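Here the structure is laid out as structure tokens; the discussion comes afterwards.
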4 protein chains.
Amino acid sequence: MAETPPDARRRNECARNAILDATVSLIGEVGYANVSIEAIARRAGVGKQTIYRWWPSKGAVVLDAATRSLDPVVLLPDTGDFLDDVRAQLKGIVERIADTGFGAAYRGVIAAGQSDDTLLEAVFDRIIEPNVGAFVARAARARDRDEIRADADVETLADVLYGFVEFRLLHALPVDPRHIDALVELAFRGVR
Amino acid sequence: MAETPPDARRRNECARNAILDATVSLIGEVGYANVSIEAIARRAGVGKQTIYRWWPSKGAVVLDAATRSLDPVVLLPDTGDFLDDVRAQLKGIVERIADTGFGAAYRGVIAAGQSDDTLLEAVFDRIIEPNVGAFVARAARARDRDEIRADADVETLADVLYGFVEFRLLHALPVDPRHIDALVELAFRGVR
Amino acid sequence: MAETPPDARRRNECARNAILDATVSLIGEVGYANVSIEAIARRAGVGKQTIYRWWPSKGAVVLDAATRSLDPVVLLPDTGDFLDDVRAQLKGIVERIADTGFGAAYRGVIAAGQSDDTLLEAVFDRIIEPNVGAFVARAARARDRDEIRADADVETLADVLYGFVEFRLLHALPVDPRHIDALVELAFRGVR
Amino acid sequence: MAETPPDARRRNECARNAILDATVSLIGEVGYANVSIEAIARRAGVGKQTIYRWWPSKGAVVLDAATRSLDPVVLLPDTGDFLDDVRAQLKGIVERIADTGFGAAYRGVIAAGQSDDTLLEAVFDRIIEPNVGAFVARAARARDRDEIRADADVETLADVLYGFVEFRLLHALPVDPRHIDALVELAFRGVR
DNA sequence: TGGTAAGCGAGACGGTACGTCTAGTCTTATA
DNA sequence: TATAAGACTAGACGTACCGTCTCGCTTACCA
């Protein structure tokens, strides 16, 4: 969420951190839907106005909290083996989702985005696009090196890969490395 | 949402219909997030208790409203050409999502499900599973007829197909028939 | 409350008793204000309609419950000593109020009567008037026997005596025999 | 009702007045029992929370409304004639009860007090005690001047006088100056 | 260096909706 | 036809938050 602040120079980093910390801990304790701006302010020892001054909505705070000081792009390495690299990235994403409160926050923000276009775009720009972007760039190199066919439909591939993961996440279905292997196997059949 | 009624025999069908009608029209007018139980009751000319008596949450009402008297399973025909049939089903789903308020309701219910496990399961059982089930059954026949390879990973295929559609829907990306063609082309490469 | 029933012949005495019993026990447990028709019906194992059929309001039920099978007139004996007799009656009233749930019920019914004229009249007719009536009758005899002066203002006397007791009851002030003695002493000064 | 405010300095006098005004007018229109906090808030153009923030119950609001900016002590003058002074005060009370909505409010608050000890005490402290206090003080002077006998039971006298008036008020019996004359005549017989 | 304009914690405010409770009416099935 | 049961419309209850708005206080910037 691109906060366009009244005067960012005067911003109190201390309060900002307290708010994001409180947000993270609250989501972990009661879940996204039960977190309120009031509760965040209370927990952070902060006036409500300080939150409203810098963020337009609860979703925006949560998005900031989830991605703060945390590279949302799970590295897509370049080992020379495209499929291995893709598997590595997807498994990295799966791990991040599973291990931390990030998964809960992500699900909550996607939910909130269903009735807040700006937030939905922000989620896309801050979390999805970077990953897809890295994938597309890596795919271009793979094509140059003839790891995949020249006519491979990279965009559809991206939607398939990230759609699969999000589908299972949002429907509370388990996602583990074996799912990723099966996914990559299926998606890259005939493209290799 | 399987309403487990106090005594379903005594239920007033008239009130039930008024509630579901009001729900549908309200979602169309102000969107899922801005619909309240109070507003539904007001619009339906019904006491709030009558809603709380039969449904556990707003999401459950909306799910009922979205699937009432409306087969949520888009027919997966059996023309003999498996891929054509799959394309037909997926395009049917896309149409349903695009043309009616069903898309808005579905997005809302998925969002609500992120903080309500029971609702999320109900969505799966009532909307997703029937479609996936039809796909899996059709796939079994296709395998018998050697339309697809015997070792095709049907479950992953299902997640890929429906995950792709849901991913684009939830991120407010357009989904049109050309996307479906590209998706099916990619998913069935090497499986055919 | 004079219930003018649809057809009293058909009345189920069993239900009537269950209702009045439930009312008494509920007032004892949670106080007049927290007793509801619903709770009485629940406790009595009776349909709400059965209550509404026979009584016009909660207060009427309570009044019936408080005075059922219980002579609300505390005997005003005739020992020949008027003041002694009055003291005996008043102390009897005080005892009844103090010892049983009758006090709580009476206070509740008076409270309810402040917004229900019919109930207020019923309370007067069923509880106050009989006591006052006995007092007036006894006073007449006392006058005949020259126990009190011929010009004694009996009506004001009655209001003073019963008003004093009710005042202390409604303001949760203690009322004990010594108060009664002081009251009678004061009220009959110069009348004797 | 002694409101123990969260922070009285921040209190909005404007809202306070709107609430008390609305309360007075509503009691006049529909009677104490039919006044609800919701209706007061609606009429006053105020959030319900603003009422709950400063008052613990409807009764407390009504008590404040009834006694605001209104000396609850009806002057007990000191003309030198004790009985005349008492008559003047009692007739003043009767007038106030009869002429304004104060009577309805008072009856309602007494009724509410029967299931709310705090409120009942507040009524006593704010309305009854001041009047009784003035009476007792005046009686002491009267005793000093030998207007009444030294052994007069002033406390019982007070209960008799105010009990008489309240008794007739709560039972919807008329109270007019002649009743007061008779009462005073009776109460002070033999004390003079 | 003192004035002024933010940002800050705090929390009252007008509101909306929550989920629960009860009122009083109506319907159904049983006896 | 009276009853137990309980669904129905209606609406108040008291609570939780919303987003806005002061209040004093502190903290930087600028004159």
Side-chain angles (χ1 to χ4, degrees), chain A residues 5-16 18 34-42 44-54 56-58, chain B residues 5-12 14-16 18 34-42 44-54 56-58, chain C residues 5-12 14-15 18 34-42 44-54 56-58, chain D residues 5-12 14-16 18 34-42 44-54 56-58:
Chain A
D7 183 352
R9 285 171 306 169
R10 285 177 174 277
R11 182 158 192 180
N12 183 342
E13 274 308 309
C14 193
R16 179 182 144 88
N34 297 315
V35 171
S36 65
I37 299 266
E38 297 234 321
I40 294 171
R42 216 149 40 220
V46 136
K48 283 200 290 175
Q49 199 60 258
T50 302
I51 299 179
Y52 285 110
R53 188 163 14 241
W54 303 104
S57 67
K58 180 177 78 167
Chain B
D7 183 351
R9 285 172 308 170
R10 292 180 174 281
R11 182 159 192 178
N12 183 342
C14 193
R16 174 171 201 269
N34 297 316
V35 171
S36 64
I37 300 268
E38 300 237 320
I40 294 172
R42 214 149 41 219
V46 136
K48 281 199 290 176
Q49 198 60 258
T50 301
I51 300 181
Y52 285 112
R53 192 169 5 248
W54 302 104
S57 66
K58 182 177 77 167
Chain C
D7 182 354
R9 285 170 306 170
R10 290 185 170 274
R11 181 158 192 180
N12 183 341
C14 191
N34 298 316
V35 172
S36 63
I37 299 267
E38 298 242 330
I40 293 172
R42 215 149 41 219
V46 134
K48 282 199 291 173
Q49 198 58 258
T50 303
I51 299 180
Y52 284 112
R53 194 171 359 249
W54 301 104
S57 67
K58 181 178 78 167
Chain D
D7 184 351
R9 284 171 309 169
R10 292 179 175 282
R11 184 158 190 178
N12 183 341
C14 193
R16 174 172 202 269
N34 297 314
V35 171
S36 64
I37 300 267
E38 298 236 324
I40 295 172
R42 215 151 38 221
V46 137
K48 281 201 288 175
Q49 199 63 34
T50 301
I51 299 180
Y52 285 111
R53 189 163 15 241
W54 302 104
S57 66
K58 181 177 78 167

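Just so it is clear, the structure is predicted and the values come from calculations on it, not from any experiment. Every chain is numbered from 1, with letters handed out A, B, ... down the list of sequences.
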*Would you mind building the protein contact string for nucleotides 22-31 of chain E? One character per nucleotide, 5' to 3', B for base within reach (heavy atoms under 4.0 Å), S for sugar-phosphate only, - for untouched.*
SBBBBBB---
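- Contact annotation: A/R53 reaches the phosphate of E/dC8 (side-chain N/O to OP1 or OP2, under 4.0 Å).
- Computed from coordinates, the A/N12 CG to E/dA10 P distance equals 13 Å when rounded to whole Å.
- One atom, CZ of B/R16, and another, P of F/dC8, lie 12 Å apart when rounded to the nearest Å.
- With the nearest nucleotide of DNA chain E identified for both D/G45 and A/E13, A/E13 has the one nearer the 5' end.
- The salt bridge (charged side-chain N to carboxylate O under 4.0 Å, His left out) test applied to D/K58 returns no partner, not counting sequence neighbours.
- Contact between the side-chain N/O atoms of B/W54 and the OP1/OP2 oxygens of F/dG6 is not found at any separation under 4.0 Å.
- Rounded to the nearest 0.5 Å, atoms CD (B/Q49) and CD1 (B/I37) are 11.0 Å apart.
- Between A/W54 and A/R11, the closest side-chain pair of non-hydrogen atoms falls below 4.5 Å.
- Atom pair B/I51:CD1 and F/dC8:P shows a separation of 11 Å (rounding to whole Å applied).
- For C/N34, the side chain to side chain contact (heavy atoms under 4.5 Å, CB included) partners are C/V30, not counting sequence neighbours.
- Dashed line: the shortest gap from a side-chain N or O of C/T50 to OP1 or OP2 of F/dA2 is not under 4.0 Å.
- Interatomic distance, D/E38 CD to D/I40 CD1, rounded to the nearest 0.5 Å: 10.5 Å.
- Heavy atoms only, all atoms of each residue included: C/A44 and C/A18 are closest at CB-O, 3.5 Å.
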